[in-house]
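Okay, structure first, notes after.
Indexing begins at 1, ligand by ligand and atom by atom, following the structure's order.
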Amino acid sequence: MSYAVRADVTIALVISAGLGVLLGLVLSVLSVLHGLALSTIVITPSQDQRERVAANPVATGQFAPDTAWPLYPLRQVRADVPRMWREFTTRFRKLWKWPAPVAARVIFFPLSAAAVLCLAVAGLTGAVICGLLALMAQISAAAGTVAFVTISSLLRVAERGWCAVMGAESSCPRCYHVTARPAYRCPGCSRLHRDLRAGRLGLFTRRCACGKLLPTMAVRAAWRLTAICQRCGAPLARGSAAIRDVRIAIIGDTSAGKTRFLYAGLDSLMATASQDGVSLGFPDESQAGEVAGALGQLRSGADTVPTQDALAAPLTCLLGSGPVSTLLHLFDAAGQHFAGPRMHDALGFLAHSHGLIYLLDPFAIDGIEKQMTGPNVTSPGFFHATGHDPDVAYVEVVSHLRGSGVRCGAQRLAVVVAKADLLSAGGLDLPGESGAITRWLTQMGVHNLVLSARRDFAEVRYFAVASNPAQEGKPHDPGAPLRWLLGGRGTWLPGDPLIRLAHDSELGRGRLRRGGPRRGGDLAEADPAGERRDLAEDATAEVRG
Ligand SMILES: Nc1nc2c(ncn2[C@@H]2O[C@H](COP(=O)(O)OP(=O)(O)O)[C@@H](O)[C@H]2O)c(=O)[nH]1
Ligand SMILES: [Mg+2]
Ligand SMILES: [Zn+2]
Ligand SMILES: [Zn+2]
């Protein structure tokens with residue numbers, strides 16, 4: 001072969017190869033464009049859900065994963081890369097077959113050889129480009145997955161930590177189910193999202209199947225979406241699962257004064273809260289109306305009508321505002337219901353309550369009339385107790401609770417001697433301090449209660465209350481048992497008379513400066529060492545002494 005021919009062949013080869021590279025580039029661009037944008041296979045939320053259910057079948061008592069768009073590196077990339085490859089190989093195969101007939105190749109020999117070379121180079125170029133792109137996509141997807149898993153794990157740990165420190169939970173007013181993770185309803189399509197934690201559907205936000213962007217994590221969703229009970233579907237109070245949840249049950253015999261105590265206690269709590277500008281509201285509007293009516297009646301000074309029926313749902317109020325507020329649920333659970341058809345309902349709440357208030361009707365104590373003097377005692381109807389011996393009633397109620405698996409040992413018990421104002425009118429002034437009330441009850445023969453309560457509960461304190469409207473400095477404050485139980489869960493009202501007492505005392509001033517309650521609308525923060533409680537007790541004892 002002459003030099004000139006060799007040069008021509010080389011030029012032809014170079015041109016063919018050059019055209020091949022160009023063709024390979026065009027093929028790759030077309031494949032990427034079609035594979036990733038024009039004819040892409042979109043993994044929809046329902047397809048993603050189906051795949052996950054197929055991989056991990058839903059067991060009884062579990063729910064299928066939520067329908068929201070999965071994060072790109074966690075699912076869609078696994079559809080896009082193969083799609084891009086398929087686009088490239090299909091296009092290349094079509095081109096490869098084009099100069100296929102052997103006769104044509106022979107007839108157009110030099111040209112067909114150049115075309116084959118051009119296609120081979122195009123295929124190689126395309127394969128290298130698509131291969132590199134696929135590799136890069138897989139590497140960044142893997143890195144993205146690691147980053148997402150790390151961040152979502154950290155977010156979950158942070159959320160769990162917040163809930164543990166704050167005592168944040170959600171409790172259902174209908175079925176009393178308690179959980180740290182309620183469901184949320186999408187405001188766009190009403191679809192339920194049962195697991196809104198940070199994860200494969202989104203770290204800080206997720207896109208619902210309907211396209212609506214939702215916040216993730218209970219601490220953020222609590223204020224923007226409607227929380228829903230996982231068990232019965234009832235809507236939960238705003239802030240549920242993001243703020244402290246305190247559940248207190250009021251138990252006692254018929255006519256012991258539970259309902260009146262509940263509203264009087266609430267009235268006192270409102271007064272204490274408003275002194276320091278802490279708001280106290282009712283998330284449920286119908287309950288707000290109910291409370292307004294009951295408080296109106298109480299404040300008018302009229303004798304409240306005895307209520308036979310306990311509350312069907314707990315009364316829920318929101319103390320404070322923002323992330324350090326508290327949802328307080330007060331449940332009026334009549335003692336006789338533990339033996340009746342509503343037992344299951346009442347026990348459902350009691351099993352999850354943080355504190356119990358046992359209302360004791362002093363007029364039901366045997367021989368109380370002998371303790372009283374004064375003109376009122378002889379007036380007709382003064383002794384109007386309709387209940388049983390409080391000692392017997394207590395033992396019955398608590399044995400019912402324990403028999404039903406309610407963990408009394410984990411709860412605080414406030415034993416509240418009710419109707420202290422009526423006793424005063426009869427010339428019997430009850431002491432105000434817990435130890436003195438215990439001694440008085442023992443003297444009155446209420447031994448069983450005093451002895452068993454100490455054993456049955458984590459902590460017991462005795463109160464004497466007059467369920468009357470709130471008044472500054474009034475004795476027998478019905479808010480005191482509520483504040484004590486709230487304090488046990490870390491919610492201290494800045495205006496709490498006990499705290500202010502401690503604050504004013506010499507002892508209190510020195511110690512409160514380090515961790516004293518904050519002023520200005522927020523509730524005081526959790527009190528891990530119970531320091532303020534001790535202070536208040538010290539100060540009370542000091543003032544008394
Ligand atoms: N004066 C006064 N009356 C009370 C007090 N507590 C309850 N009562 C009255 O006792 C009756 C029964 O009270 P109620 O709260 O309905 O009892 P419940 O059945 O335990 O809910 C009502 O007439 C109340 O007005 C109190 O502390 N002082
Ligand atoms: Mg009642
Ligand atoms: Zn939606
Ligand atoms: Zn429920």
Side-chain angles (χ1 to χ4, degrees), residues 45-46 66-69 170-179 182-193 201 206-214 225-237 240 250-265 267-268 294 297-298 300-311 313-314 331-337 345 348-349 352 357-364 376 381-387 390 393 416-426 430 463-469 474-478:
S46 42
D66 295 337
T67 37
W69 293 90
S170 72
S171 46
C172 174
R174 193 198 285 163
C175 73
Y176 313 130
H177 179 57
V178 172
T179 175
Y184 296 89
R185 207 172 279 294
C186 167
C189 65
S190 297
R191 199 180 255 109
L192 266 194
H193 288 251
L201 300 179
R206 67 161 57 171
R207 196 168 288 284
C208 175
C210 73
K212 184 103 186 148
L213 207 59
L214 309 178
L225 303 177
T226 308
I228 301 288
C229 173
Q230 295 273 19
R231 187 180 286 167
C232 75
L236 307 177
S240 284
I250 303 166
I251 55 174
D253 219 333
T254 317
S255 281
K258 296 177 297 295
T259 307
R260 185 165 161 145
F261 164 79
L262 186 147
Y263 291 113
D267 194 38
S268 162
Q297 198 186 359
L298 184 79
S300 72
D303 203 15
T304 49
V305 184
T307 54
Q308 289 307 315
D309 241 6
L311 284 178
F331 188 64
D332 181 353
Q336 76 270 22
H337 283 143
D345 286 358
F349 186 89
H352 292 111
I357 296 180
Y358 180 73
L359 247 278
L360 187 157
D361 185 355
F363 290 99
N376 293 323
F382 187 78
F383 294 98
H384 56 285
T386 53
V416 174
V417 181
K419 307 176 185 175
D421 56 325
L422 290 179
L423 289 184
S424 293
L430 285 183
F463 299 86
V465 308
S467 300
N468 290 327
K474 145 193 109 152
H476 306 311
D477 178 5

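- Near Thr259, meaning under 4.0 Å from any of its heavy atoms, are these atoms of ligand 1: 15 (O), 21 (O).
- Counting heavy atoms under 4.0 Å from ligand 1, residue Asp253 touches it through the backbone alone.
- Remark: side-chain polar atoms of Arg231 are not paired, donor with acceptor, to backbone N or O of His177 under 3.5 angstrom.
- Excluding waters, the protein N/O/S atoms found under 2.8 Å from the Zn ion (ligand 4) are Cys172 SG, Cys175 SG, Cys229 SG, Cys232 SG.
- Ranked by closest heavy atom to atom 19 (O) of ligand 1, the top entry among Ser467, Pro478, Ser255, Ala418 is Ser255.
- The main-chain N or O of Pro390 is found under 3.5 Å from a side-chain atom of Tyr358 such that the two form a donor-acceptor pair.
- Considering backbone and side-chain atoms together, Gly257 places an N or O closer than 3.5 Å to an N or O of ligand 1.
- By the 4.0 Å heavy-atom criterion, Gly252 is excluded from the residues contacting ligand 1.
- Counting only heavy atoms from C-beta outward, the side chains of Leu236 and Cys172 approach each other to under 4.5 Å.
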Under the side chain to side chain contact (heavy atoms under 4.5 Å, CB included) rule, what do Ile250 and Leu359 come out as? Steps first, then yes or no, please.
-> CA-CA 7 Å; Ile250 303 166; Leu359 247 278; 4.1 Å; yes

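- Contact check for Phe331 versus Leu262: no side-chain heavy atoms found under the 4.5 Å cut-off.
- Between Ile251 and Lys258, the shortest heavy-atom contact is C-CD, 3.7 Å.
- Where the criterion is an N or O separation shorter than 3.5 Å, residue side chain and backbone included, Lys258 meets it with respect to ligand 1.
- Across all non-hydrogen atoms, the minimal contact from Leu430 to Ala420 is CD1-CB, 4.2 Å.
- Partners of Asp267 under the salt bridge (Lys or Arg N to Asp or Glu O under 4.0 Å) rule, at least two apart in sequence or in another chain, are Arg299.
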Solution key, residues 183-192 side-chain donor-acceptor pairs under 3.5 Å, sequence neighbours excluded:
unit_1	atom_1	unit_2	atom_2	d
Arg185	NH1	Ser190	O	2.8
Arg191	NE	Thr67	OG1	3.1

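- The two atoms that bring Ser240 and Ser170 nearest to each other are CB-CB, 3.7 Å, heavy atoms only.
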Side chain to side chain contact (heavy atoms under 4.5 Å, CB included) between His193 and Leu201: does it pass, once the steps are laid out?
-> CA-CA 11 Å; His193 288 251; Leu201 300 179; 6.0 Å; no

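- Listed by number with element, the atoms of ligand 1 under 4.0 angstrom from any heavy atom of Ala466 are 27 (O).
- Only the side chain of Leu422 comes within contact range of ligand 1, with a heavy atom under 4.0 Å; no backbone atom does.
- Val417 approaches Pro362 most closely through the heavy-atom pair CG1-CB, 3.9 Å.
- Here's the thing with Val465: none of its N/O atoms is less than 3.5 angstrom from an N/O atom of ligand 1.
- Between Tyr176 and Pro314, the shortest heavy-atom contact is CE2-CD, 3.6 Å.
- The two residues Pro235 and Thr226 come nearest to each other via the heavy atoms CB-CG2, 4.3 Å.
- Around the Zn ion (ligand 3), the protein N, O or S atoms closer than 2.8 Å are Cys186 SG, Cys189 SG, Cys208 SG, Cys210 SG, listed by chain and residue number.
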